[in-house]
Protein chains: 2
Amino acid sequence: MKNLLYTGKKIKKTKARTIILEEINKIKSHPTAYEMFEIVKQRLPRVSLGTVYRNLDILSEHGLVLKLKMNDAQMHYDGRTDEHYHIQCVKCGKTEDIPLEMLKDIDTAVRDKTSYRILYHTISFYGLCTGCAEEDVSGKGKKV
Amino acid sequence: MKNLLYTGKKIKKTKARTIILEEINKIKSHPTAYEMFEIVKQRLPRVSLGTVYRNLDILSEHGLVLKLKMNDAQMHYDGRTDEHYHIQCVKCGKTEDIPLEMLKDIDTAVRDKTSYRILYHTISFYGLCTGCAEEDVSGKGKKV
DNA sequence: TCATAATTAAGAATGATTCCTGTTTAAAGT
DNA sequence: ACTTTAAACAGGAATCATTCTTAATTATGA
């Protein structure tokens, strides 16, 4: 293979792969695989969920997508690949970026306090997004 | 019910529940539900995995145990219930406490930079534990 | 254009966790 | 202590996100 697509690694430029990468780069929120499947299906109706999962994995292995584990059942995928932190709404599950600079110093701080060889860390914030916070006020007393 | 067991909440003191809490408090690492099941089985041979799951959930709802999501497939459970951070070995999956004081100020730092109402955050470190780091050196070049 | 290795759709399999059902047990009120 | 009953139990089925399998298709290098 001569075309070193996307990253300089050998990776075939397929229709599904291209659309997945384009679509995830269009949005700032961090969808689940199933949400990506629904988005991609609009442009590629016969795409299968397995293909979406596989390509999101391959793209994340090649550093083109970040794979995030938050406090819900599904993985989330992020088209922004520089290191940064995330926040998730505890009510609706929406997951987004946090504009907080990387705390590079805490790895070294921990390095001195543990026998582990530290490789990286993750920070996740949890709270209520604007929409859910409003519901919370107007719906006070109601069981959600 | 008059006896307000464990926490002041209505919670029955059953054999399984008591043993689960005793055993998780004996260890500093943070086992999965299945690992707890194996430990509890030694004292209560007829215990079922479902009971271990249910009790770990109930205990965590009552603040007697922490339920941790790290970067592997299973949940981990922590008998130490004051807020603190965790580290996981990327190779063997062992999960332990990190002696790093809580960064309370980062919630407020983020509060000013986002429209979310921040409730809490988590920090997880990943690296190699002593044992796995040694293997890594002695086994250099080998596929693990 | 051809060969072939990678990718695909579709659906089966996996694995952690939760749920269901009928039975047992802890504890509240006598 | 005896009774009552809601909670908890064991065992196994169900769920759900994700991964795997297979036979057919496709992108790429020659």
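Naming: A, B, ... by sequence-line order, numbering from 1 per chain.
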| query | Does A:His86 have its ring centroid less than 6.0 Å away from the ring centroid of A:Tyr126? | reply | no

| So does A:Arg17 pair up with A:Glu22, basic N to acidic O under 4.0 Å? | no

| message | Please tell me whether A:Glu35 and A:Tyr77 have a donor and an acceptor in their side chains that are separated by less than 3.5 angstrom. | response | no

| said: Just the rounded figure in Å: distance from C1' of C:dT25 to CD1 of B:Ile11. | reply: 15 Å

| remark: Whole-Å distance, B:Leu44 CG to C:dT25 C1', equals 13 Å

| field | base_contact_polar (C:dA27 base, B:Lys12 side chain, donor-acceptor, <3.5 Å) | value | no

| If you check the A:Lys67 side chain, which of D:dT19, C:dA6, D:dA27 turns out closest? | D:dT19

Listed pairs, N/O of protein and of nucleotides 19-21 of chain C, under 3.5 Å:
none

| field | Residue A:Lys15, side-chain heavy atoms: nucleotide from D:dA27, D:dC9, C:dT18 that is nearest | value | D:dA27

| field | Atom-to-atom span, NZ of B:Lys69 to P of C:dT17 - whole angstrom | value | 9 Å

| said: Return the CD1 to OG1 distance between A:Ile19 and A:Thr14, rounded to the nearest 0.5 Å. | reply: 8.5 Å

| A:Leu68 CG to D:dT18 P: how many Å, rounded? | 12 Å

| task | Would you indicate which nucleotide in D:dA8, C:dT7, D:dG11 comes nearest to any side-chain atom of B:Ser48? | result | D:dG11

| Side-chain ion pair, A:Asp97 and A:Lys28, N-O less than 4.0 Å | no

| message | Tell me whether A:Arg43 is salt-bridged to A:Glu23, with the criterion being a basic N under 4.0 Å from an acidic carboxylate O. | response | yes

| said: Please report the distance, rounded to the nearest Å, between CD1 in A:Ile19 and C1' in C:dT7. | reply: 14 Å

| said: Could you tell me if B:Gln88 and B:Thr95 have a donor-acceptor pair between their side chains, going purely by distance under 3.5 Å? | reply: yes

| message | Closer than 4.0 angstrom, basic N to acidic O: yes or no for B:Glu101 and A:Lys113? | response | yes

| 5′-ward residue of the pair B:Ala33/A:Val47 relative to DNA chain C | A:Val47

| task | Rounded to the nearest angstrom, tell me the gap between atom OH in A:Tyr53 and atom P in C:dG11. | result | 17 Å

| Do the side-chain N or O atoms of A:Thr14 get closer than 4.0 angstrom to the phosphate oxygens (OP1, OP2) of D:dT26? | no

| How long is the line joining NZ of A:Lys41 and P of C:dT8, in whole Å? | 17 Å

| Side chain of A:Leu49 - closest among D:dT18, C:dT8, C:dA26 | D:dT18

| request: State, without any angle test, whether B:Tyr120 and B:Glu83 hold a side-chain donor-acceptor pair at a distance under 3.5 Å. | output: no

| Side chain of A:Ala73 (C-beta onward), nearest among D:dA27, D:dC9, D:dA17 | D:dA17

| Taking atom C1' of C:dT18 as reference, at what distance in whole Å does atom CD1 of B:Ile58 sit? | 13 Å

| request: Using five base pairs at each end, measure the axis-to-axis angle across the helix from C:dT1-D:dA30 to C:dT30-D:dA1 and round it to 10 degrees. | output: 40°

| said: Counting only side-chain nitrogens and oxygens, does B:Arg17 get under 4.0 Å of the OP1 or OP2 atom of C:dA26? | reply: no

| field | Rounded distance [0.5 Å steps], CG in B:Asp107 versus CG in B:Asp112 | value | 11.0 Å

| field | Selected nucleotide, minimal atom distance to A:Thr51 side chain, candidates D:dG11, D:dA27, C:dA9 | value | C:dA9

